Amino acid sequence: MSTSRTDRTVSPVPKRSLLVTAVAVLLIAANLRLGVTSASALLDLLTEQGALTPATAVLVPSLPTVMFAVSGLGAASLAQRIGTDRTVSLGLSLLAAGLAARSIALPPLVLGGTVLATAGLSTVNVLLPVVVRERFHARVRAVTTGYTTAMALGSALAAAVSVPLADALGSASLGLGVWALPALLALLAWSGARGGAQVPRAGDAPTRTGVGRVLASPGALTMTFYFALQSLIGYVVMGWLPTIAQDAGISPVRAGALLGIVLAVGVPTTLAVVPATGTPRRLRIGITVLSLAGAGGAAGMLLAPTTAPEAWAVLLGIGMTGFPLALALVASLGRTSDETARISAVAQSVGYAVATVGPLGAGVLHRLTGDWALALISLATCSVVQGLVGLRLSGAVPTRPGR
(Lines give C-alpha, C1' and ligand atoms only; values in the text may rest on other atoms or scores of the structure.)
Protein backbone atom coordinates (compact mmCIF):
# COMPACT_ATOMS: atom_id res chain seq x y z
CA MET A 1 0.00 0.00 0.00
CA SER A 2 1.37 3.41 -0.90
CA THR A 3 1.57 6.19 1.62
CA SER A 4 1.36 9.91 1.21
CA ARG A 5 4.43 12.07 1.35
CA THR A 6 3.36 13.48 4.71
CA ASP A 7 1.77 10.48 6.43
CA ARG A 8 4.30 7.81 5.51
CA THR A 9 5.23 5.16 8.06
CA VAL A 10 7.83 6.26 10.58
CA SER A 11 9.88 4.29 13.05
CA PRO A 12 8.87 4.39 16.72
CA VAL A 13 10.14 7.44 18.57
CA PRO A 14 11.84 6.87 21.94
CA LYS A 15 9.74 8.00 24.90
CA ARG A 16 12.57 10.23 26.11
CA SER A 17 12.56 12.11 22.80
CA LEU A 18 8.79 12.49 22.95
CA LEU A 19 9.05 13.86 26.48
CA VAL A 20 11.72 16.39 25.47
CA THR A 21 9.57 17.48 22.54
CA ALA A 22 6.47 17.74 24.74
CA VAL A 23 8.30 19.96 27.25
CA ALA A 24 9.55 22.17 24.41
CA VAL A 25 6.04 22.46 22.96
CA LEU A 26 4.65 23.50 26.35
CA LEU A 27 7.36 26.13 26.85
CA ILE A 28 6.79 27.48 23.35
CA ALA A 29 3.05 27.64 23.93
CA ALA A 30 3.52 29.57 27.16
CA ASN A 31 5.17 32.33 25.09
CA LEU A 32 2.62 32.56 22.30
CA ARG A 33 0.40 35.26 23.80
CA LEU A 34 2.34 36.89 26.63
CA GLY A 35 3.85 39.46 24.26
CA VAL A 36 0.32 40.53 23.37
CA THR A 37 -1.22 40.58 26.84
CA SER A 38 1.75 42.33 28.47
CA ALA A 39 1.45 45.19 25.95
CA SER A 40 -2.29 45.39 26.52
CA ALA A 41 -1.91 45.67 30.30
CA LEU A 42 0.75 48.37 29.90
CA LEU A 43 -0.85 50.33 27.06
CA ASP A 44 -1.87 53.36 29.14
CA LEU A 45 1.43 53.44 31.02
CA LEU A 46 3.41 53.22 27.79
CA THR A 47 1.49 56.21 26.46
CA GLU A 48 1.93 58.19 29.68
CA GLN A 49 5.68 57.54 29.70
CA GLY A 50 6.16 58.46 26.02
CA ALA A 51 7.00 54.98 24.75
CA LEU A 52 3.89 55.24 22.58
CA THR A 53 1.95 58.17 21.17
CA PRO A 54 -1.87 58.18 21.35
CA ALA A 55 -2.01 57.33 17.64
CA THR A 56 0.46 54.43 17.85
CA ALA A 57 -1.31 53.14 20.96
CA VAL A 58 -4.37 52.49 18.78
CA LEU A 59 -2.23 50.45 16.38
CA VAL A 60 -0.56 48.16 18.93
CA PRO A 61 -3.65 45.99 19.72
CA SER A 62 -4.31 45.46 16.00
CA LEU A 63 -0.74 44.55 14.99
CA PRO A 64 -0.90 40.91 16.17
CA THR A 65 -3.81 40.01 13.89
CA VAL A 66 -2.25 41.91 10.96
CA MET A 67 1.06 40.09 11.32
CA PHE A 68 -0.63 36.76 11.95
CA ALA A 69 -2.48 37.19 8.66
CA VAL A 70 0.60 38.27 6.69
CA SER A 71 3.02 35.73 8.14
CA GLY A 72 0.72 32.70 8.32
CA LEU A 73 0.93 31.61 4.69
CA GLY A 74 4.60 32.55 4.58
CA ALA A 75 5.28 30.12 7.42
CA ALA A 76 3.91 27.25 5.37
CA SER A 77 6.08 28.12 2.35
CA LEU A 78 9.18 28.62 4.47
CA ALA A 79 8.66 25.29 6.23
CA GLN A 80 8.55 23.61 2.84
CA ARG A 81 11.97 25.01 2.00
CA ILE A 82 13.93 24.64 5.24
CA GLY A 83 11.89 22.22 7.34
CA THR A 84 9.32 22.69 10.08
CA ASP A 85 11.79 22.40 12.94
CA ARG A 86 14.08 25.12 11.58
CA THR A 87 11.13 27.38 10.81
CA VAL A 88 9.89 27.06 14.38
CA SER A 89 13.39 27.98 15.58
CA LEU A 90 13.35 31.05 13.35
CA GLY A 91 9.94 32.06 14.67
CA LEU A 92 11.12 31.81 18.27
CA SER A 93 14.23 33.87 17.45
CA LEU A 94 12.07 36.62 15.93
CA LEU A 95 9.83 36.53 18.99
CA ALA A 96 12.70 36.94 21.44
CA ALA A 97 14.34 39.71 19.38
CA GLY A 98 11.07 41.62 19.02
CA LEU A 99 10.25 41.43 22.71
CA ALA A 100 13.75 42.60 23.60
CA ALA A 101 13.49 45.58 21.23
CA ARG A 102 10.38 46.79 23.07
CA SER A 103 12.46 47.42 26.20
CA ILE A 104 13.62 50.72 24.64
CA ALA A 105 11.10 53.51 25.28
CA LEU A 106 10.81 54.81 21.72
CA PRO A 107 7.56 54.47 19.72
CA PRO A 108 9.29 53.17 16.55
CA LEU A 109 11.08 50.45 18.54
CA VAL A 110 7.98 49.46 20.50
CA LEU A 111 5.97 49.23 17.27
CA GLY A 112 8.80 47.57 15.34
CA GLY A 113 9.40 45.10 18.14
CA THR A 114 5.72 44.24 18.20
CA VAL A 115 5.76 43.61 14.44
CA LEU A 116 8.83 41.38 14.75
CA ALA A 117 7.53 39.48 17.77
CA THR A 118 4.10 38.84 16.28
CA ALA A 119 5.68 37.69 13.00
CA GLY A 120 7.50 35.08 15.06
CA LEU A 121 4.33 34.20 16.96
CA SER A 122 2.33 33.63 13.79
CA THR A 123 5.04 31.43 12.30
CA VAL A 124 5.07 29.14 15.32
CA ASN A 125 1.29 29.29 15.69
CA VAL A 126 0.67 27.86 12.23
CA LEU A 127 3.19 25.05 12.61
CA LEU A 128 2.47 23.80 16.13
CA PRO A 129 -0.58 21.77 15.01
CA VAL A 130 1.67 20.12 12.42
CA VAL A 131 4.32 19.34 15.05
CA VAL A 132 1.68 17.88 17.37
CA ARG A 133 0.10 15.73 14.67
CA GLU A 134 3.43 14.41 13.38
CA ARG A 135 5.04 13.70 16.72
CA PHE A 136 2.13 12.60 18.88
CA HIS A 137 -0.30 10.93 16.47
CA ALA A 138 -3.04 9.34 18.66
CA ARG A 139 -2.46 11.90 21.44
CA VAL A 140 -3.33 14.95 19.33
CA ARG A 141 -6.23 16.14 21.50
CA ALA A 142 -4.35 15.55 24.76
CA VAL A 143 -1.23 17.39 23.62
CA THR A 144 -3.29 20.19 22.06
CA THR A 145 -5.11 20.59 25.38
CA GLY A 146 -1.76 20.73 27.16
CA TYR A 147 -0.20 23.37 24.95
CA THR A 148 -3.30 25.57 24.82
CA THR A 149 -3.41 25.37 28.62
CA ALA A 150 0.24 26.48 28.78
CA MET A 151 -0.60 29.29 26.36
CA ALA A 152 -3.40 30.48 28.63
CA LEU A 153 -1.19 30.34 31.73
CA GLY A 154 1.61 32.31 30.07
CA SER A 155 -0.71 35.01 28.77
CA ALA A 156 -2.55 35.25 32.09
CA LEU A 157 0.70 35.62 34.01
CA ALA A 158 1.91 38.40 31.71
CA ALA A 159 -1.40 40.27 31.96
CA ALA A 160 -1.53 40.04 35.75
CA VAL A 161 2.05 40.93 36.65
CA SER A 162 3.16 43.30 33.87
CA VAL A 163 1.93 46.46 35.63
CA PRO A 164 3.44 45.59 39.06
CA LEU A 165 6.64 44.45 37.32
CA ALA A 166 6.87 47.70 35.34
CA ASP A 167 6.31 49.67 38.55
CA ALA A 168 9.10 47.73 40.26
CA LEU A 169 11.47 48.32 37.33
CA GLY A 170 10.46 51.96 37.04
CA SER A 171 9.68 51.68 33.32
CA ALA A 172 6.77 50.34 31.29
CA SER A 173 9.16 49.54 28.43
CA LEU A 174 11.37 47.42 30.67
CA GLY A 175 8.19 45.73 31.85
CA LEU A 176 7.68 44.71 28.22
CA GLY A 177 11.27 43.77 27.45
CA VAL A 178 11.63 41.34 30.34
CA TRP A 179 9.34 38.90 28.54
CA ALA A 180 12.12 38.19 26.06
CA LEU A 181 13.69 35.94 28.71
CA PRO A 182 11.05 33.16 28.66
CA ALA A 183 11.13 33.33 24.85
CA LEU A 184 14.86 32.59 24.94
CA LEU A 185 14.21 29.69 27.30
CA ALA A 186 11.67 28.24 24.87
CA LEU A 187 14.17 28.58 22.02
CA LEU A 188 16.78 26.65 24.01
CA ALA A 189 14.27 23.93 24.84
CA TRP A 190 13.25 23.61 21.20
CA SER A 191 16.90 23.36 20.15
CA GLY A 192 17.23 20.42 22.53
CA ALA A 193 14.11 18.81 21.12
CA ARG A 194 15.41 19.19 17.58
CA GLY A 195 18.59 17.37 18.58
CA GLY A 196 16.75 14.46 20.16
CA ALA A 197 13.67 14.04 18.00
CA GLN A 198 13.55 15.40 14.50
CA VAL A 199 10.27 17.12 13.85
CA PRO A 200 8.89 17.23 10.26
CA ARG A 201 11.36 18.46 7.69
CA ALA A 202 10.85 19.99 4.28
CA GLY A 203 9.10 16.94 2.86
CA ASP A 204 6.48 17.14 5.57
CA ALA A 205 5.75 20.81 5.20
CA PRO A 206 2.67 22.02 3.36
CA THR A 207 2.86 22.15 -0.39
CA ARG A 208 1.92 25.23 -2.34
CA THR A 209 -1.79 25.13 -2.97
CA GLY A 210 -4.14 27.97 -3.79
CA VAL A 211 -6.25 29.37 -0.99
CA GLY A 212 -9.44 28.59 -2.90
CA ARG A 213 -8.48 24.93 -3.29
CA VAL A 214 -7.66 24.61 0.41
CA LEU A 215 -10.97 26.20 1.37
CA ALA A 216 -12.72 23.60 -0.77
CA SER A 217 -11.56 20.88 1.64
CA PRO A 218 -14.39 19.55 3.84
CA GLY A 219 -15.01 21.92 6.75
CA ALA A 220 -12.16 24.28 5.85
CA LEU A 221 -14.29 27.30 4.90
CA THR A 222 -16.48 27.03 7.99
CA MET A 223 -13.39 26.56 10.12
CA THR A 224 -11.93 29.73 8.65
CA PHE A 225 -15.05 31.71 9.55
CA TYR A 226 -15.04 30.26 13.06
CA PHE A 227 -11.35 31.02 13.50
CA ALA A 228 -11.88 34.58 12.23
CA LEU A 229 -14.67 35.27 14.73
CA GLN A 230 -12.91 33.79 17.73
CA SER A 231 -9.74 35.71 16.81
CA LEU A 232 -11.66 38.96 16.42
CA ILE A 233 -13.29 38.50 19.83
CA GLY A 234 -10.10 37.34 21.50
CA TYR A 235 -7.94 40.19 20.29
CA VAL A 236 -10.49 42.85 21.12
CA VAL A 237 -10.56 41.48 24.67
CA MET A 238 -6.79 41.00 24.94
CA GLY A 239 -6.05 44.32 23.31
CA TRP A 240 -8.57 46.62 24.97
CA LEU A 241 -10.07 45.10 28.14
CA PRO A 242 -7.61 46.80 30.55
CA THR A 243 -8.24 50.15 28.84
CA ILE A 244 -12.02 49.61 28.88
CA ALA A 245 -11.83 48.80 32.58
CA GLN A 246 -9.64 51.82 33.39
CA ASP A 247 -11.96 54.14 31.46
CA ALA A 248 -14.78 52.81 33.63
CA GLY A 249 -12.88 53.87 36.76
CA ILE A 250 -11.03 50.66 37.65
CA SER A 251 -7.39 50.97 38.75
CA PRO A 252 -4.59 49.95 36.35
CA VAL A 253 -3.44 47.06 38.55
CA ARG A 254 -6.97 45.70 38.88
CA ALA A 255 -7.59 46.22 35.16
CA GLY A 256 -4.52 44.15 34.32
CA ALA A 257 -5.67 41.52 36.80
CA LEU A 258 -9.04 41.36 35.01
CA LEU A 259 -7.29 40.37 31.80
CA GLY A 260 -5.29 37.87 33.82
CA ILE A 261 -8.57 36.37 35.06
CA VAL A 262 -9.94 36.19 31.52
CA LEU A 263 -6.92 34.23 30.38
CA ALA A 264 -6.54 32.10 33.51
CA VAL A 265 -10.17 30.98 33.27
CA GLY A 266 -9.26 29.52 29.91
CA VAL A 267 -7.14 26.88 31.66
CA PRO A 268 -9.90 24.90 33.44
CA THR A 269 -12.34 25.66 30.65
CA THR A 270 -9.95 24.25 28.06
CA LEU A 271 -9.37 21.17 30.19
CA ALA A 272 -13.13 20.68 30.45
CA VAL A 273 -14.29 21.62 26.98
CA VAL A 274 -11.70 20.36 24.50
CA PRO A 275 -11.50 16.73 25.72
CA ALA A 276 -15.31 16.62 26.08
CA THR A 277 -15.94 17.43 22.43
CA GLY A 278 -15.32 13.93 21.13
CA THR A 279 -18.92 13.52 19.96
CA PRO A 280 -21.01 15.85 17.77
CA ARG A 281 -23.57 16.41 20.56
CA ARG A 282 -20.95 17.38 23.14
CA LEU A 283 -19.22 19.58 20.61
CA ARG A 284 -22.47 21.47 19.94
CA ILE A 285 -23.09 21.93 23.65
CA GLY A 286 -19.56 23.23 24.20
CA ILE A 287 -19.80 25.67 21.29
CA THR A 288 -23.14 27.01 22.57
CA VAL A 289 -21.86 27.50 26.12
CA LEU A 290 -18.79 29.39 24.90
CA SER A 291 -20.88 31.66 22.70
CA LEU A 292 -23.39 32.59 25.41
CA ALA A 293 -20.66 33.15 28.00
CA GLY A 294 -18.74 35.52 25.72
CA ALA A 295 -21.87 37.52 24.92
CA GLY A 296 -22.77 37.70 28.61
CA GLY A 297 -19.33 38.97 29.59
CA ALA A 298 -19.41 41.72 26.97
CA ALA A 299 -22.91 42.73 28.08
CA GLY A 300 -21.77 42.88 31.70
CA MET A 301 -18.85 45.17 30.87
CA LEU A 302 -21.27 47.40 28.96
CA LEU A 303 -24.09 47.61 31.49
CA ALA A 304 -22.34 47.28 34.86
CA PRO A 305 -18.55 47.42 34.42
CA THR A 306 -17.72 48.30 38.04
CA THR A 307 -20.41 46.21 39.74
CA ALA A 308 -18.86 42.78 39.22
CA PRO A 309 -15.97 43.12 36.76
CA GLU A 310 -14.35 39.87 37.90
CA ALA A 311 -17.57 38.00 37.06
CA TRP A 312 -17.64 39.53 33.57
CA ALA A 313 -13.98 38.59 33.18
CA VAL A 314 -14.80 34.96 34.02
CA LEU A 315 -17.55 34.90 31.38
CA LEU A 316 -15.26 36.47 28.79
CA GLY A 317 -12.60 33.90 29.65
CA ILE A 318 -15.03 31.05 29.10
CA GLY A 319 -16.02 32.56 25.77
CA MET A 320 -12.42 32.86 24.63
CA THR A 321 -11.94 29.09 24.93
CA GLY A 322 -13.06 29.12 21.31
CA PHE A 323 -9.36 29.52 20.45
CA PRO A 324 -8.02 26.23 21.86
CA LEU A 325 -11.17 24.52 20.61
CA ALA A 326 -10.46 25.84 17.11
CA LEU A 327 -6.86 24.59 17.27
CA ALA A 328 -8.03 21.14 18.34
CA LEU A 329 -10.56 21.04 15.51
CA VAL A 330 -8.00 22.24 12.94
CA ALA A 331 -5.78 19.31 13.91
CA SER A 332 -8.72 16.99 13.12
CA LEU A 333 -9.30 18.29 9.60
CA GLY A 334 -7.53 16.97 6.53
CA ARG A 335 -6.78 13.49 5.31
CA THR A 336 -3.00 13.91 5.66
CA SER A 337 -0.61 16.04 7.71
CA ASP A 338 0.13 18.01 4.54
CA GLU A 339 -3.55 18.89 4.14
CA THR A 340 -3.87 19.68 7.85
CA ALA A 341 -0.95 22.10 7.58
CA ARG A 342 -2.48 23.84 4.56
CA ILE A 343 -5.87 24.17 6.26
CA SER A 344 -4.19 25.47 9.43
CA ALA A 345 -2.20 28.05 7.44
CA VAL A 346 -5.18 29.26 5.41
CA ALA A 347 -7.65 29.27 8.31
CA GLN A 348 -5.27 31.26 10.46
CA SER A 349 -4.07 33.64 7.75
CA VAL A 350 -7.51 34.42 6.32
CA GLY A 351 -9.08 34.31 9.77
CA TYR A 352 -6.61 36.76 11.25
CA ALA A 353 -6.96 39.05 8.21
CA VAL A 354 -10.70 39.27 8.87
CA ALA A 355 -10.12 39.56 12.62
CA THR A 356 -7.94 42.64 12.14
CA VAL A 357 -11.09 44.77 11.93
CA GLY A 358 -11.87 43.83 15.54
CA PRO A 359 -9.14 45.49 17.65
CA LEU A 360 -8.58 48.25 15.12
CA GLY A 361 -12.31 48.90 14.77
CA ALA A 362 -12.81 48.93 18.53
CA GLY A 363 -10.09 51.55 18.92
CA VAL A 364 -11.50 53.68 16.12
CA LEU A 365 -15.05 53.45 17.50
CA HIS A 366 -13.80 54.58 20.89
CA ARG A 367 -11.98 57.56 19.43
CA LEU A 368 -15.05 58.54 17.38
CA THR A 369 -17.70 58.11 20.10
CA GLY A 370 -15.69 58.72 23.27
CA ASP A 371 -16.90 55.52 24.94
CA TRP A 372 -16.83 51.75 24.51
CA ALA A 373 -20.57 51.07 24.08
CA LEU A 374 -20.59 50.30 20.35
CA ALA A 375 -17.45 48.20 20.63
CA LEU A 376 -18.94 46.08 23.42
CA ILE A 377 -22.27 45.69 21.59
CA SER A 378 -20.36 44.52 18.52
CA LEU A 379 -18.35 42.12 20.68
CA ALA A 380 -21.51 40.53 22.11
CA THR A 381 -23.01 40.23 18.63
CA CYS A 382 -19.90 38.55 17.26
CA SER A 383 -20.02 36.03 20.13
CA VAL A 384 -23.54 35.01 19.12
CA VAL A 385 -22.59 34.73 15.44
CA GLN A 386 -19.54 32.67 16.40
CA GLY A 387 -21.82 30.20 18.12
CA LEU A 388 -23.99 29.85 15.03
CA VAL A 389 -20.97 29.27 12.81
CA GLY A 390 -19.60 26.79 15.33
CA LEU A 391 -22.80 24.77 15.27
CA ARG A 392 -22.48 24.46 11.52
CA LEU A 393 -18.83 23.49 11.91
CA SER A 394 -19.71 20.73 14.36
CA GLY A 395 -21.31 18.76 11.54
CA ALA A 396 -18.20 18.93 9.36
CA VAL A 397 -15.45 18.05 11.84
CA PRO A 398 -14.54 14.39 12.47
CA THR A 399 -14.76 13.59 16.18
CA ARG A 400 -12.94 10.27 16.30
CA PRO A 401 -11.12 9.48 19.54
CA GLY A 402 -7.53 10.61 19.56
CA ARG A 403 -7.89 13.07 16.71
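This one's a predicted model, so the numbers in the text were calculated from it and none came from an experiment.
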Indicate yes or no: at least one non-hydrogen side-chain atom of L46 is less than 4.5 angstrom from one of V60.
-> no
Expected output: side-chain S378 to main-chain L374 donor-acceptor under 3.5 Å | yes
Looking only at heavy atoms, the pair that brings V262 and L241 closest together is CG2-CD2, 3.6 Å
Quick one: are L121 and M67 in side-chain contact, heavy atoms under 4.5 Å?
-> no
What pairs with W312 under side-chain hydrogen bond (donor to acceptor under 3.5 Å, both in side chains), at least two apart in sequence or on another chain?
-> none
Taking all heavy atoms of A189 and all of L27, pick out the closest pair and write down the distance.
-> CB-CD1, 3.5 Å
Between Q49 and A105, is there a donor-acceptor pair closer than 3.5 Å when you use the side chain of the first and the backbone of the second?
-> no
Show your working on side-chain contact (heavy atoms from CB on, under 4.5 Å) between V357 and T65 and close with a plain yes or no.
-> CA-CA 9 Å; V357 303; T65 53; over 6 Å; no
Between A41 and A159, what is the shortest heavy-atom contact and its length?
-> CB-O, 3.7 Å
Please tell me if the side chains of L99 and L176 come closer than 4.5 Å, counting only heavy atoms from C-beta onward.
-> no
OG (S155) and CG (L32) are apart, to the nearest 0.5 Å, by 9.5 Å
Tell me, do L153 and L157 make a side-chain contact under 4.5 Å, heavy atoms counted?
-> no
What is the distance from atom OG1 of T222 to atom CG of L391, rounded to the nearest 0.5 Å?
-> 11.5 Å
Between H366 and D247, is a side-chain contact (heavy atoms from CB on, under 4.5 Å) present by the stated rule, with each step listed?
-> CA-CA 11 Å; H366 174 255; D247 286 353; 3.3 Å; yes
Step by step, would you call R102 with T114 a side-chain hydrogen bond (donor to acceptor under 3.5 Å, both in side chains)?
-> CA-CA 7 Å; R102 300 198 305 183; T114 300; 3.1 Å; yes
Look only at the side chain of T47 and the backbone of P54, and say whether a donor-acceptor pair between them is shorter than 3.5 Å.
-> no
Going through the checks in order, is the side-chain contact (heavy atoms from CB on, under 4.5 Å) test met by V237 and L379?
-> CA-CA 9 Å; V237 173; L379 190 65; 4.0 Å; yes
Taking the side chain as every heavy atom from C-beta outward, state whether L90 and T123 have any pair of such atoms under 4.5 Å apart.
-> no
Does a side-chain heavy-atom distance below 4.5 Å link L95 with V124?
-> no
Quick one: ring-ring contact (aromatic ring centres under 6.0 Å, His included) partners of Y226, sequence neighbours excluded?
-> none
So how far is it from L128 CG to M151 CE, rounded to the nearest 0.5 Å?
-> 7.0 Å
Does the N31 side chain pair with the main chain of P182, one donor and one acceptor, at a distance under 3.5 Å?
-> yes
Evaluate the criterion side-chain contact (heavy atoms from CB on, under 4.5 Å) for residue pair W179 and T37; output intermediate values, then yes/no.
-> CA-CA 11 Å; W179 298 106; T37 57; over 6 Å; no
Output a table of donor-acceptor pairs, distance under 3.5 Å, between side-chain atoms of residues 283-292 and any protein atom two or more places apart or on a different chain; print 'none' if there are none.
from: T288; atom 1: OG1; to: R284; atom 2: O; distance (Å): 2.9
from: S291; atom 1: OG; to: S383; atom 2: O; distance (Å): 2.6

Heavy-atom closest pair, residues L165 and G175 = CD2-O, 4.5 Å
Quick one: OG on S103 to CG on L174, what's the gap to the nearest 0.5 Å?
-> 6.0 Å
Heavy-atom check, side chain of M223 versus side chain of L393, under 4.5 Å | yes
Side chain to side chain contact (heavy atoms under 4.5 Å, CB included) with L63: which of V115, T56, V36?
-> V115
N/O donor-acceptor pairs under 3.5 Å from side chains in residues 250-258, not counting sequence neighbours:
from: S251; atom 1: OG; to: R254; atom 2: N; distance (Å): 3.2
from: R254; atom 1: NE; to: E310; atom 2: OE2; distance (Å): 2.9
from: R254; atom 1: NH2; to: E310; atom 2: OE1; distance (Å): 3.0
from: R254; atom 1: NH2; to: E310; atom 2: OE2; distance (Å): 3.2

Any idea which heavy atoms bring S162 and L42 closest together, and the distance?
-> O-CD2, 3.7 Å
Distance-only donor-acceptor hits, side chain of residues 228-236, under 3.5 Å, sequence neighbours excluded:
from: Q230; atom 1: NE2; to: F227; atom 2: O; distance (Å): 3.2
from: S231; atom 1: OG; to: F227; atom 2: O; distance (Å): 2.7
from: Y235; atom 1: OH; to: R33; atom 2: NE; distance (Å): 2.9

Distance in Å, T381 OG1 paired with L376 CG, rounded so as to fall on 0.5 Å steps = 10.5 Å
Side-chain heavy-atom pair S93, L187 within 4.5 angstrom cut-off = yes
Measure from the side-chain N and O atoms of S89 to the backbone N and O of D85, and report whether any donor-acceptor pair falls under 3.5 Å.
-> yes
Sequence neighbours excluded, which residues qualify as ring-ring contact (aromatic ring centres under 6.0 Å, His included) partners of W240?
-> W372
Starting at CD1 of I244, measure out to CE of M301 and round the result to the nearest 0.5 Å.
-> 6.0 Å
Criterion side-chain hydrogen bond (donor to acceptor under 3.5 Å, both in side chains) on T87 and T84, from CA distance to verdict | CA-CA 5 Å; T87 307; T84 301; over 6 Å; no
Donor-acceptor under 3.5 Å (S40 side chain, M238 main chain) = yes
Identify the heavy atoms of L316 and G294 that sit nearest to each other, and give their distance.
-> CD2-O, 3.8 Å
